[in-house]
Engineer: 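Sharing a structure, written as structure tokens. Questions coming.
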Amino acid sequence: MSKFYLTTAIDYSNGDPHLGHALEKVGADCIARYRRLRGDQVHFVMGMDEHSHSVLQAAAKAGVPPQEWVDRMASRFADFWDRLGCTNDDWIRTTEARHFRSVTELLQRIQQLHPDDLYVSEYEGLYCTGCEEFKQESQIVDGHCIEHPTLELVPTRERNHFFRLSRHGDSILELITSGKLRVEPAIRRNEVVRLIESGLQDISVSRLRQPWGIPFPGDAEQTVYVWFDALINYVSATGFPAPGYERLWPAQLHVIGKGITRFHCVIWPAMLLAAQLELPKEVWAHGYVQWEGTKMSKTAGTAVTLDEAIDRHGPDALRYFLLREVGFESDGNFTWERFDERYTSDLADGFGNLVSRTLAMMTKYREGAVPADCGDDSQLDDAGRAALQQYSRAMDALDLRGGAEAVWSLVSAANLFVQQTAPWSLAKSGQAGELDRVLGALARALGRLAVISSPFIPGKAQALWQDLGMEGNVSASKWEAAESPSVAGRSTRRPSILFPKPAVV
RNA sequence: GGCAGGGUAGCUCAGCUGGUUAGAGCACGGCACUCAUAAUGCCGGGGUCGCGGGUUCGAGUCCCGCCCCUGCUACCA
């Protein structure tokens, strides 16, 4: 049994969560559930990023104190993740005392172990009084901020603490190219490698007189820059610096969005090297959810709310659609039309109807008792074992779409099996032995399906599990339950409709 | 501008180091069956594989050029 410490990006507390956040959380949860199934000791952490100026602004706009604001946001986010069935073991927030302690300690370690990695310098830039932040060249047009073209940019110098990122490029490049730090998918790895090869600049890691943040150790005037602060949450959640944090650290996997690859694959490893802590084993950067084929901007985010998406067909259906259709690798599209199509064909007519017809026959022909002692050598069992192989190969590689495809390949195989064996004919002609074999094979297929579909549709998988007469929670099952489902002799019940079809869609 | 990835049936995508009539799922049309949420199974229509050259006995599959899309391009969770 091996340890599997898994994290998602912590979310920024300045607005409601949307489909993009949901994809990441659901994807990570699917991985967590799969690893548990394989017997790993999973520790799954999600949380909130609650510092920085824009949080203050959002709080001010809402007319509440910042702490009250972030408390409110944190519970909103957590509530959504709970509704979507996320099974995180911890919930870290950067305003927590444990995180303050951890950030302070990590910086002090760098100060002690590599004092040269931190130095004070002047940061020079053009400051926009409208945005209240420094602007990069790309954000400036005709000498003015894109957002506030009527305001003059103010050349400003600020004394800051800098981190000597430039010193760590070679080491990180070596770690990534040697595979000690895996960056996936490959397109993300290429980007990072190119970035490092082109040379790294030092970065400022503190801000002057920003009240909403963590004090920089040894300099009361400065607070830790929000990025530096936020990344450290991954070790804070392990209990660092208290003894025993190594039971969790290093992380096996950081799940993030593709937009923040650089921070996780360059800056974060450098910070850890400087503090002489171990590095995470892998970073997976997923793509974005597009809405009707276009970028889901914050302003256009009103097009669909997470509430609507969950209410449409329930949380399991949304999980399934995000992971199967949108995908966890490149960008994917979300439309109501496709969502409805997937729901109807894959979930209602495919998975749901298979369960319905199978359990109905079990009730009708065998009074709900799964035939015992009928072996496991049917054609459908072969298909089941092949599906398991395809499934585990995909899931091990974090190919969640491929995993879902494997599950549904077994759904198809089972539907075909029913058609070919025609249990109703066997019943009519009184071939009891053959009917037993067929129904037994179908019950085993449903058992396998309940187990391997549970990372995707945990709620419905559990309903199926119970309808099959199995005890306990399917999500607590181990892999053996999929390899050799112990369904023989169980009392099934006439199923509820797993995925009801709306009267009119 | 530079770098990277991609453009294959209406939609989402497979097509490893080039090899007979280019595939899957969904959607669409017909047939079969009746256990089932009028579900399922079978058959079928449908593609100049972005465009133009080239290499080769033979190219979505390799080379060159062009067009279009997406991402990264440093302090945007």
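Numbered from 1 within each chain, the chains take letters A, B, ... in sequence-line order. Here the structure is a predicted model, which means the values were calculated and not measured.
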Engineer: Where the side chain of Trp424(A) is concerned, which of A36(B), G71(B), C33(B) is the nearest nucleotide?
Structural biologist: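 The answer is C33(B), which lies nearest to the side chain.
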
Engineer: Can you tell which of U37(B), C75(B), U12(B) lies closest to the side chain of Lys501(A)?
Structural biologist: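 So the side chain of Lys501(A) is nearest to U37(B).
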
Engineer: Looking for any heavy atom pair under 4.0 Å, which part of the strands does Ile267(A) touch: base, sugar-phosphate only, or nothing?
Structural biologist: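 The answer is nothing, as Ile267(A) stays clear of every strand by at least 4.0 Å.
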
Engineer: Using purine N1 to pyrimidine N3 plus N6-O4 or O6-N4 for Watson-Crick, or N1-O2 and O6-N3 for G-U wobble, both under 3.5 Å, which nucleotide pairs with C11(B)?
Structural biologist: G25(B)

Engineer: Which part of the nucleic acid, if any, lies within reach of Ala348(A) when heavy atoms closer than 4.0 Å are counted: base, sugar-phosphate only, or nothing?
Structural biologist: base

Engineer: Any side-chain heavy-atom pair from Glu282(A) and Leu398(A) closer than 4.5 angstrom?
Structural biologist: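 SC-SC contact between Glu282(A) and Leu398(A) confirmed.
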
Engineer: Does His313(A) reach the side chain of Leu318(A), with side-chain heavy atoms less than 4.5 Å apart?
Structural biologist: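 No, their side chains stay 4.5 Å or more apart.
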
Engineer: Report yes if the side chains of Arg490(A) and Leu468(A) come closer than 4.5 Å at any heavy-atom pair, otherwise no.
Structural biologist: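 Not touching, per the 4.5 Å side-chain cut-off.
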
Engineer: With C1' as the reference atom in both, quote the distance from U55(B) to G2(B) in angstrom, rounded to an integer.
Structural biologist: 30 Å

Engineer: Strictly below 4.0 Å: does Tyr343(A) bring a side-chain N or O up to OP1 or OP2 of U37(B)?
Structural biologist: no

Engineer: Can you tell me how far C1' in C11(B) sits from the matching atom in G18(B), rounded to whole Å?
Structural biologist: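 C11(B) and G18(B) have their C1' atoms separated by 29 Å.
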
Engineer: To the nearest angstrom, how far is Asp331(A) atom CG from U70(B) atom P?
Structural biologist: 10 Å

Engineer: Considering Watson-Crick and G-U wobble pairs with both distances under 3.5 Å, what does A4(B) pair with?
Structural biologist: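 Base-paired to U70(B).
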
Engineer: Base, sugar-phosphate or nothing for Phe499(A)? Non-hydrogen atoms, less than 4.0 Å.
Structural biologist: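 Base: the residue Phe499(A), judged by heavy atoms under 4.0 Å, touches a nucleobase.
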
Engineer: Go ahead and name the base partner of C49(B); Watson-Crick or wobble counts if both distances stay under 3.5 Å, otherwise write none.
Structural biologist: none

Engineer: Could you work out the separation of C42(B) and A24(B) based on their P atoms and round it to a whole Å?
Structural biologist: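 Those two atoms are separated by 12 Å.
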
Engineer: Tabulate atom names and distances for all N/O pairs under 3.5 angstrom spanning the protein and nucleotides 25-27 of chain B.
Structural biologist:
none

Engineer: 5'-most contact on RNA chain B: Ser412(A) or Ser204(A), nearest heavy atom basis?
Structural biologist: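 Result: Ser412(A).
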
Engineer: For Tyr288(A) and C76(B), give me the distance from atom OH to atom P, rounded to whole Å.
Structural biologist: 14 Å

Engineer: Please classify the nucleic acid contact of Ile497(A) as base, sugar-phosphate, or nothing, using heavy-atom distances under 4.0 Å.
Structural biologist: base

Engineer: Measuring centre to centre across the rings, with the benzene-like ring taken for any Trp, is Phe77(A) within less than 6.0 Å of His21(A)?
Structural biologist: yes

Engineer: Mind checking the P distance from U61(B) to C51(B)? Whole angstroms is fine.
Structural biologist: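 These two P atoms come out 11 Å apart once rounded.
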
Engineer: Students often mix this up, so state it plainly: with edges at 30° and 60°, are the rings of His264(A) and Tyr234(A) parallel, tilted or perpendicular?
Structural biologist: tilted

Engineer: By nearest nucleotide on RNA chain B, pick out whichever of Asn415(A) and Gln201(A) is the more 5' one.
Structural biologist: Asn415(A)

Engineer: What is the distance, to the nearest angstrom, from the NE2 atom on His264(A) to the P atom on C72(B)?
Structural biologist: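 Computing the His264(A):NE2 to C72(B):P distance gives 16 Å.
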
Engineer: Taking atom CD of Glu337(A) as the centre, report whether more than 12 heavy atoms of other residues, nucleotides or ligands fall under 6.0 Å from it.
Structural biologist: no

Engineer: Can you tell me the distance, in whole Å, between the CD1 atom of Ile196(A) and the P atom of C72(B)?
Structural biologist: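 The answer, rounded to whole Å, is 17 Å.
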
Engineer: Classify the ring geometry of Phe321(A) against Phe334(A): parallel below 30°, tilted from 30° to 60°, perpendicular beyond 60°.
Structural biologist: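 Taking Phe334(A) first and then Phe321(A), their aromatic rings stand perpendicular (interplane angle over 60°).
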
Engineer: Identify which one of Asn88(A), Val255(A), Asp11(A) satisfies the side-chain contact (heavy atoms from CB on, under 4.5 Å) criterion when paired with Lys25(A).
Structural biologist: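 Exactly one option meets the side-chain contact (heavy atoms from CB on, under 4.5 Å) with Lys25(A), and it is Asp11(A).
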
Engineer: For the side chain of Lys364(A), starting at C-beta, report the closest nucleotide among C35(B), G41(B), C76(B).
Structural biologist: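 Nearest listed nucleotide: C35(B).
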
Engineer: My understanding is that a pair needs two contacts under 3.5 Å, Watson-Crick or G-U wobble. By that rule, which nucleotide pairs with A59(B)?
Structural biologist: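 None - no nucleotide pairs with A59(B), as no candidate has both distances under 3.5 Å.
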
Engineer: Would you find a donor on one side and an acceptor on the other, under 3.5 Å apart, between the side chain of Tyr288(A) and the backbone of Gly259(A)?
Structural biologist: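 Yes, Tyr288(A) side chain to Gly259(A) backbone: donor-acceptor pair under 3.5 Å.
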
Engineer: Write down the partner of C76(B) under the Watson-Crick or G-U wobble criteria, each distance required to be under 3.5 Å.
Structural biologist: none

Engineer: Using whole Å, what does the distance between atom P of nucleotide A39(B) and atom CZ of Phe351(A) come to?
Structural biologist: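 Result: 18 Å.
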
Engineer: Does any part of the side chain of Val326(A), heavy atoms only, come nearer than 4.5 Å to the side chain of Asp331(A), both counted from C-beta?
Structural biologist: no

Engineer: Considering only A74(B), C76(B), G41(B), which nucleotide approaches the side chain of Leu416(A) most closely?
Structural biologist: G41(B)

Engineer: Taking only the P atom of each, what is the distance from G7(B) to C62(B) in whole angstrom?
Structural biologist: 12 Å

Engineer: Using the side-chain heavy atoms of Gln419(A), tell me which of these nucleotides is nearest: C35(B), U37(B), A74(B).
Structural biologist: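 My answer, after comparing the listed nucleotides, is C35(B).
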
Engineer: What's the gap between G29(B) and G54(B) when it is taken at their P atoms, as a whole Å value?
Structural biologist: 44 Å

Engineer: Between Lys258(A) and C72(B), is there a side-chain N or O to OP1/OP2 distance below 4.0 Å?
Structural biologist: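 No, because none of the side-chain N or O atoms of Lys258(A) sits under 4.0 Å from OP1 or OP2 of C72(B).
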
Engineer: Just the rounded figure in Å: distance from C1' of A36(B) to CG of Asp467(A).
Structural biologist: 14 Å

Engineer: Heavy atoms from C-beta onward define the side chain here; which of U37(B), U12(B), C75(B) lies closest to that of Arg401(A)?
Structural biologist: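 Nearest listed nucleotide: U12(B).
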
Engineer: Rounded to whole angstrom, note down the P distance from C28(B) over to C33(B).
Structural biologist: 22 Å

Engineer: Using a 90° cut-off around 0 for syn, call G18(B) syn or anti.
Structural biologist: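 For G18(B), whose glycosidic angle is more than 90° from 0, the conformation is anti.
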
Engineer: From A36(B), A74(B), C75(B), pick the nucleotide closest to the side chain of Asn353(A)?
Structural biologist: A36(B)

Engineer: Given that both distances must come in under 3.5 Å, which nucleotide forms a Watson-Crick or G-U wobble pair with A39(B)?
Structural biologist: none

Engineer: Scan Phe100(A), Tyr225(A), Trp69(A) and name whichever one has a ring pair (Phe, Tyr, Trp, His ring centres under 6.0 Å) with His51(A).
Structural biologist: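 Going through the options one by one, the only one that passes is Phe100(A).
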
Engineer: Rounding to an integer number of angstrom, what distance separates U37(B) and A22(B) when you compare their P atoms?
Structural biologist: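 Nearest-Å result for U37(B) against A22(B) at atom P: 42 Å.
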
Engineer: For nucleotides 4-9 of chain B, which of its nitrogen or oxygen atoms have a protein nitrogen or oxygen under 3.5 Å away, and what is each distance?
Structural biologist:
none

Engineer: Nearest 0.5 Å, please: how far is CG in Asn353(A) from CD1 in Ile497(A)?
Structural biologist: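 Going from CD1 on Ile497(A) over to CG on Asn353(A), the span is 8.0 Å.
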
Engineer: Whole Å only: how far is the CD atom of Gln290(A) from the P atom of U12(B)?
Structural biologist: 11 Å

Engineer: At 4.0 Å (heavy atoms only), tell me whether Leu231(A) reaches a base, stays on the sugar-phosphate, or touches nothing.
Structural biologist: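 Touches a base.
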
Engineer: Among A36(B), U37(B), U12(B), which nucleotide has an atom closest to any side-chain atom of Arg357(A)?
Structural biologist: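 Nearest nucleotide to the side chain: A36(B).
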
Engineer: Tell me whether the count of non-hydrogen atoms from other residues, nucleotides or ligands lying under 6.0 Å of CD in Glu367(A) goes above 12.
Structural biologist: no

Engineer: Under 6.0 Å between ring centres, would you say that holds for Phe456(A) and Trp408(A)?
Structural biologist: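 No, they do not, as the ring centres are separated by 6.0 Å or more.
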
Engineer: For U20(B), what is the paired nucleotide under Watson-Crick or G-U wobble rules, both distances under 3.5 Å?
Structural biologist: none

Engineer: Take atom CD of Gln390(A) and atom C1' of A24(B), then tell me their distance rounded to the nearest Å.
Structural biologist: 12 Å

Engineer: Which part of the nucleic acid does Leu498(A) contact within heavy-atom distance under 4.0 Å: base, sugar-phosphate only, or nothing?
Structural biologist: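 The answer is base, as Leu498(A) lies within the cut-off (heavy atoms under 4.0 Å) of a base atom.
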
